[in-house]
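So the structure is just underneath, and the comments pick up after that.
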2 protein chains.
Amino acid sequence: VVVVSNDLLGAVTLNLALDITYDVDALTVGASHRVRTVRQRAGGKGVNVARVAHELGYDVLALGFVGGMTGELIAADLFDAGLTALLTPVAGESRRSVAVVDTGAGDATVFNEPGPVVDADEWRAFCDRVPWGRLGVLACSGSLPPGLPADAYAELTARARHHGVPAVIDAGGAALVASAKAGALVRANAAELREALAAADGTAGRVDGDGRPEPAGERAQVDVAAGARRLIELGATGAVITDGAAGMVAVTAKGAWRALPVERVRGNPTGAGDACTAVVAAAVAGGNEDWPDVLRSAVAASAAAVLTPVAGDIEVEAYRRWRPRVVVQAV
Amino acid sequence: VVVVSNDLLGAVTLNLALDITYDVDALTVGASHRVRTVRQRAGGKGVNVARVAHELGYDVLALGFVGGMTGELIAADLFDAGLTALLTPVAGESRRSVAVVDTGAGDATVFNEPGPVVDADEWRAFCDRVPWGRLGVLACSGSLPPGLPADAYAELTARARHHGVPAVIDAGGAALVASAKAGALVRANAAELREALAAADGTAGRVDGDGRPEPAGERAQVDVAAGARRLIELGATGAVITDGAAGMVAVTAKGAWRALPVERVRGNPTGAGDACTAVVAAAVAGGNEDWPDVLRSAVAASAAAVLTPVAGDIEVEAYRRWRPRVVVQAV
């Protein structure tokens, strides 16, 4: 029996990359290094979302642009990871990202290639091939490649709504505000939220009455929920804001909730936000509007992502253990 | 009219690489960097030999191992460079070498992948497909990939002689001595020569009568020609030793010559030795035994290679201008 899912979690990575990791004994500027081990896999925030959702048992469709040999390696790796992918070819060569890990010092030095320019025809081809009838949600994450219109995420959100598909957009800056206005459920971290709203409202660098900057600590506690509410006013169907050690805030037209972190987790925080997006997108696809429940899963998944050394993985055991223990408060 | 050459210059690179160059504004360990420009091309010392010989108008056949997508990129780049290539597939993935150039400081930090292991069957396949009847010379340059026998160059030299094809081997260490014994014309720099002979004769770290190390400066002038003669005694048909600012020495059974550099040239010395090998191999293929003439070309080509920013290129104009001006002395 072949089960064809009609509520696929579409995970979009417009700026797909091939993530290459080199382990070296000691990184010395100006020297020649023997690379001890080479690892490489498909990367980008949307790929992390797809991997985590797949790991949690959801049916996933990865979408993005690929070009050249590096694009083929990205496609091959997605296939090897068991991820169904619908990739739009571009004339340029997909970008690579090389992370050099000094295994002695433990730090990583990263080199990000600029990536291919995506032209108007390629962008139209991407939009036209999204299989809306098969999607339960369209989740878009990360930066835009050069050449795409600045409102690409807003356009995808509008197209999704036209087809009755909810959109979850993880973006910062102008894309965050534009996606909210277009009616997406938006995902960002607290710093991105503040920056985007300040730029949108013309309040960047705003100071209080006597000319001093407002105290960041106090304000931070207040303005994450307030900022999320502002996104709802602008048109967002929801806003889920990660706030580091302060947890997460979810705001919809029906309410606002804050979830506290389970415990202090040490590890690699890259990809924790993407794990949150994966859980939120899966909930939206499944029509789960019990936001305290969604936030419990999102916090547990984010913490379980920190435990793994590579972005896009979570420790499923830890996720299951932590999920029931997350405390959620109405705010 | 199609002219089929029967005296191709076979240029062997057993350890082919894809050389990737990233320009960054400033390299900071532990930071994330935006790569400004990405350049990549087939690399390895034998590829430099093939490029220079091709640039000087010789018919070249590039030989080596390729595997995986990186191997395909190497093959594609050789094709784009106009180089005919006969490449032996290997199960592993060809290696990459990433050079990060800090465009402010001007220095390069290099990361060399280990490269594929070449097994016995792949090595036999390589040896069996060398088109001996088409070759005027077989020039082999650079390090051996993991898995190959240490005497791989000596074996290629013996096979070449069996087919009446002269072999030019640019190698250091035990491979240099073994190739000499097998009857190759050997190419090395002065440091490689001393090191290889010291290891072969068990004289590494030898000191003079009163227990002090011999003075390096005086000895250097003496022992390059003497060392080259030693290689002839071992069985080499010739020895061409590059000696930096002191020029080059060529020794055969019939004589010994030193060529002085034309002028002080500033630039990138990587690939200068390979330009020398290209000229020497071309002379051997053409049966040119006028060694003062060959050395003039070799010195001019090496200097013209220093002028270009990339190994494997030479400034042909400078080469032509300098060639008649090189001074050669019998030693």
Side-chain angles (χ1 to χ4, degrees), chain A residues 15 17-40 42-43 66-77 80 92-117 143 146 270 311, chain B residues 15 17-40 42-43 66-77 80 92-117 143 146 270 311:
Chain A
N15 214 355
L18 183 71
D19 286 343
I20 301 170
T21 305
Y22 287 161
D23 284 349
V24 300
D25 293 339
L27 175 48
T28 309
V29 172
S32 195
H33 301 77
R34 188 183 295 255
V35 174
R36 297 297 171 185
T37 60
V38 181
R39 284 162 289 164
Q40 70 186 23
V66 287
M69 290 277 186
T70 302
E72 289 189 41
L73 290 170
I74 290 170
D77 183 67
D80 289 347
E93 180 86 17
S94 289
R95 71 193 174 107
R96 290 171 293 204
S97 168
V98 176
V100 179
V101 175
D102 181 327
T103 53
D107 58 4
T109 306
V110 181
F111 305 100
N112 294 305
E113 295 188 5
V117 173
S143 60
T270 313
Chain B
N15 214 356
L18 184 70
D19 286 344
I20 301 171
T21 305
Y22 288 161
D23 284 348
V24 300
D25 292 340
L27 174 49
T28 309
V29 172
S32 194
H33 302 77
R34 190 183 295 256
V35 174
R36 296 297 172 185
T37 60
V38 181
R39 284 162 288 163
Q40 71 186 22
V66 287
M69 290 277 184
T70 303
E72 289 188 42
L73 290 169
I74 290 169
D77 183 67
D80 289 347
E93 180 84 17
S94 288
R95 71 193 175 106
R96 290 172 293 205
S97 169
V98 177
V100 179
V101 175
D102 180 327
T103 53
D107 58 4
T109 306
V110 181
F111 305 99
N112 294 304
E113 294 187 5
V117 174
S143 60
T270 313

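Residue numbers begin at 1 in each chain, while the letters A, B, ... track the order of the sequences. Since the structure is predicted, the reported quantities are computational estimates derived from the model, not experimental observations. Computed over heavy atoms, backbone and side chain alike; hydrogens, waters and symmetry mates excluded.
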What residue in Glu72(B), Arg96(B), Arg34(B) has the most heavy-atom pairs under 4.5 Å with chain A?
Arg96(B)
Going by residue number, which parts of residues 20-31 of chain A are within reach of chain B, meaning a heavy-atom gap below 4.5 Å?
Ile20(A), Tyr22(A), Val24(A), Leu27(A), Thr28(A), Val29(A), Gly30(A), Ala31(A)
Turns out that what part of Val98(B) lies under 4.5 Å from chain A's heavy atoms comes down to side chain
Which of the residues Glu93(A), Arg95(A), Glu113(A) is involved in the greatest number of heavy-atom pairs with chain B at under 4.5 angstrom?
Glu113(A)
Where on Asn112(A) is there a heavy atom nearer than 4.5 Å to chain B: the side chain, the backbone, both, or neither?
both
Per-residue contact mode, Val100(A) against chain B (heavy atom under 4.5 angstrom)
side chain
